[in-house]
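Heads up: the structure comes next, in structure tokens.
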Amino acid sequence: MNYWLVKSEPDKYGWHHFVEQGRAIWDGVRNYQARNNLNAMRVGDQVLFYHSVTNPGVVGLAKVVKEAYPDPTAANELNAPSTRWVVVELEPVLALPAPVTLSRIKAEPLLANVALIKQSRLSVMPIRPDEFEMILKLGQD
DNA sequence: GCCAACGTTGGC
DNA sequence: GCCAACGTTGGC
């Protein structure tokens, strides 16, 4: 079991929209490091859903339901999906009772090394098990 | 709206 | 291969 965090701007694709749809094709990733992380996801892995830009923070938990395949929104010269970029499919699991804001994450010593803080622009990143547990715990109250 | 961080592009 | 210019992301 691996743990991840994905970012989305709530004005573009927020948690609410995700829950309404019931399933998301996580497309549009155009960064190699983020792409490599998508490729490493396995069915059943747990994924923290983070809102960036507007009220930044972790708002919910999702799970991987389909592993990486070519991104249909990334066409190559032959107008076929490029194999360079990939998508995964995610389903919502639960909304956190209390969103864990970025400022709260920054204030927690055990979360001082999360990629979210170290690499602020990365949109798909791994989360250590202890970090994952801490964020879920903070989201309970 | 501003700005820092950082990835990409293109000239040389 | 280096580096300046530029575009994008994301926090504030």
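Chain letters run A, B, ... following the sequence lines, proteins first and then strands; every chain starts at 1.
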(request) Would you please test A:Trp85 and A:Tyr32 for ring-ring contact (aromatic ring centres under 6.0 Å, His included) and show each step? (result) CA-CA 8 Å; A:Trp85 305 114; A:Tyr32 288 102; 4.8 Å; yes

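- Looking only at distances, no side-chain donor or acceptor of A:Asp27 sits under 3.5 Å from a matching main-chain atom of A:Val87.
- How far CG of A:Leu111 is from CD1 of A:Ile117: 7.0 Å, rounded to the nearest 0.5 Å.
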(message) Quick one, A:Phe49 with A:Trp4, criterion ring-ring contact (aromatic ring centres under 6.0 Å, His included). Give me CA distance, side-chain angles, the key distance, then yes/no.
(response) CA-CA 9 Å; A:Phe49 192 105; A:Trp4 310 93; over 10 Å; no

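- Nearest-nucleotide positions on DNA chain C for A:Lys106 and A:Lys12 put A:Lys12 closer to the 5' end.
- Between the CG atom of A:Leu138 and the CZ atom of A:Arg104 there is a distance of 4.5 Å, given to the nearest 0.5 Å.
- Chain A approaches DNA chain C within less than 4.0 angstrom (heavy atoms of the protein), and the contacting nucleotides run 5' to 3' from C:dG7 to C:dC12.
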